[in-house]
Amino acid sequence: MSDLFAEEARAEELRKLLQYHNHRYYVLDDPEIPDVEYDKLLRELQQIEADRPDLRTIDSPTQRVGGAALDAFEQVTHAIPMLSLDNAFDDDEFAAFDQRVKDRLSRSATVRYAAEPKLDGLAISLRYEQGVLVQAATRGDGTTGENVTANVRTIGSIPLRLSGNDYPEVLEVRGEIFMPKAGFDALNERQRAKGEKTFANPRNAAAGSLRQLDSKITATRPLAMYCYGLGEVVGHSMATSQSENMRLLANWGLPTSPELKVCKDSAECAAYFASIGERRDGLAYDIDGVVFKVDQVELQKQLGFVARAPRWAIAQKFPAQEQLTLLEAVEFQVGRTGALTPVARLKPVFVGGVTVSNATLHNMDEIERKDIRVGDTVIVRRAGDVIPEVVSAVLSDRPDDAKPIHMPEQCPVCESQVVRISGEAVARCTGGLFCQAQRKEAIKHFASRKAMDIDGLGDKIVEQLVDEQLIKDPADLFALDVATVAKLERMAEKSASNLISSLDKAKHTTLPRFLFSLGILGIGETMAMNIANTLGSLEAVQKLTLHDLVELKLSQAKAFLKYASALPKELRVPMMQPPMDLKWCSSAHIELLAEQYDSVADLLKQSPEALVNQPTISIEGLGDVLAEKLVMFFRQPHNQDVLNKLIAAGVQWPAIEKVDVSDSELSGLSFVLTGTLSQPRESYKARLLAAGAKVVGSVSKNTNYLVAGESAGSKLSKAESLGVPVLDEAAIEAMLAKSGF
DNA sequence: TTGCCTCGAGATCA
DNA sequence: CTCGAGGCAA
């Protein structure tokens, strides 16, 4: 007999314990015991309840992960209707609200406002009877909503039983259910992995999760809640102010916003609004504004209601970060490398503080995944200073004549064939410099700051020059004269002569810059510098052969001979994929052999040993793929012509002097720069490079130091998590000075 | 800043 | 072969 009592007591004890730890974990975010311990307790309780169903209670923590799925949600009528709020869109509108409030109250009243962020989620009403959660209902139309109790039970931060014992017999609390950003990202990641549809934003994800008929699904969704108000309260008097009431709710174990603040006048309200606005991106959840409520309950009563909204509260909204608009067309832009990028032409909308009329769609995979069509109404997002993007299409608004988007088969600019190499994400125009678009981009690149740095030669000028057929390649720039340039739009005598003189100045450059400016695919700033420093002169670069650079191992040679009959007779396979059985080798290897043997027949006569090649020159970061691109570039007669023209025009650079910095203290160390520094990042980069250090773009465990300026972001947190030492500006200055740079 | 791609090294296996 | 790192391009 006593066993039964012991079980009952233990069950009660476990429920209390679990409730306590739940609160610490979800609400206070400060767990006391590890998850496995919690699970152990939970399983023990589950066991007892399985043996003794009579001990199972409705508020038991085991009841969170729901039972059978529902057919439909039951309707619930709210005892006290759930109201909406008036909106204000700027400080003036808030001031007008403040004035209305004061006008309605007696002059002696001093109004305070309880302020908190307005969460972007969905409103919910929880009903506790004798401290036990008995019902959770959505807002619905404000009068009747849907009974989502089973789903709400699965939300960890919502107590199934209130703590303490001085709570009202009946307590209805209102609040917002939302999905934290991190949880949203993780959920979408999981959905994508499972091949299921992703959610457009955390709000939709929260709403969708809460309306699951099967609460087991809801249980897997990272939902949370903050309470912000009261509904029906029976048998207990609440406090005299909104802020005090929130404190009471928190004491009973209900989650409330940690950002809650009381403002004593409209100036403080404005300051609060501004400060939340600044921290908006850093908050763990999406918000769309701030709610201000007259704090004193007595004054709220005096103010009363108008239509469906209280006179004592207002929601001041941020400019929307998401808007709906029409996708009018999709155009394809051709980049320097020939890559075709789809760009959405949108009916202009005001979003996130600016008017947006086009947005990148990245690539075709992206379009297909989001199933976007021309004519669709789409959601456009622009958060903070982020580039505008098309989030998704509103499928329910899709017109019958919405047109699917296809990659054009011909380049929209030059009509050359467009190819997408299997396995690559982007499709490219094959027109090369025949394509006006690629030609323009090549010249823009040549003129850009990190390349030849031609001052005053902006994108617009280059486009005009090419369109007017005044230049065909970068070398033609140096043949321009003031009179010709001055005829262009927005160009007069003065700016024309400035341009000519900066062209003259740009002739004095460096070999790394020059190599970079040629725009060889895959040869960027760093690689150009590595090549220049290894070889020392343009002549040496021009003379490079695949022989010098590409390794061919004996095992590869054997495979070649085995499959050689599958190769094209002439051994020339420009822009082609190697035959299937040789796909492990790059076309560089085929080219390497083509340098030496005219035909497959010749090749077959050789022994594997004869085909083996050891590279004689090693350039850091340059493998066979890039080696082929480099060698092939200089082998094109057209490129040689341009090169010769450039040299003839007087483009020159000083000989490379090799400074030995291997004894420098910074030599070999790897740095990452982030945040806003008082000098340009480039200048620190140059000094660090001069000192023999490396400057790379992303933090990894091989990074020796992160130099962080003001408002450093993700890199700083990554460095911290990897234990990479972080330097401030003073520290890096000291280090450089110590080494004499 | 982000995603894609190449490079290069270490793991794993024949 | 797989994976982390880092460079390039947008």
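Per chain, numbering begins at 1; letters A, B, ... match sequence-line order. For the numbers below, each heavy atom of this structure counts, side chains included, while hydrogens, waters and symmetry mates do not.
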Listed once per pair and sorted, the ring pair (Phe, Tyr, Trp, His ring centres under 6.0 Å) pairs that draw on residues 327-371 of chain A, sequence neighbours left out: none
Closest-nucleotide 5' rank along DNA chain B - winner of G675(A) and E620(A): G675(A)
Length of the CG-P vector between L622(A) and dC5(B), whole Å: 19 Å
Carboxylate-amine/guanidinium contact K440(A) D459(A), below 4.0 Å: no
Sugar-phosphate, base or nothing in reach of K715(A), heavy atoms under 4.0 Å: sugar-phosphate
Whole-Å distance separating the NE2 atom of H589(A) from the C1' atom of dT6(B): 14 Å
Under 4.0 Å protein heavy-atom contacts per nucleotide of nucleotides 5-10 of chain C, with B for base, S for backbone only and - for none: SSSSSS
Option passing side chain to side chain contact (heavy atoms under 4.5 Å, CB included) with K715(A) (candidates L673(A), V707(A), T674(A)): T674(A)
Distance, nearest 0.5 Å, that separates CE of M527(A) from CG of L622(A): 6.5 Å
K460(A) with E463(A): basic N within carboxylate O range, under 4.0 Å: no
Protein-nucleotide distance (K553(A), atom NZ; dG8(B), atom P), rounded to Å: 11 Å
Results of side-chain contact (heavy atoms from CB on, under 4.5 Å) for D376(A) - residues two or more places apart only: R373(A), V378(A), A393(A), R398(A), P399(A), A402(A)
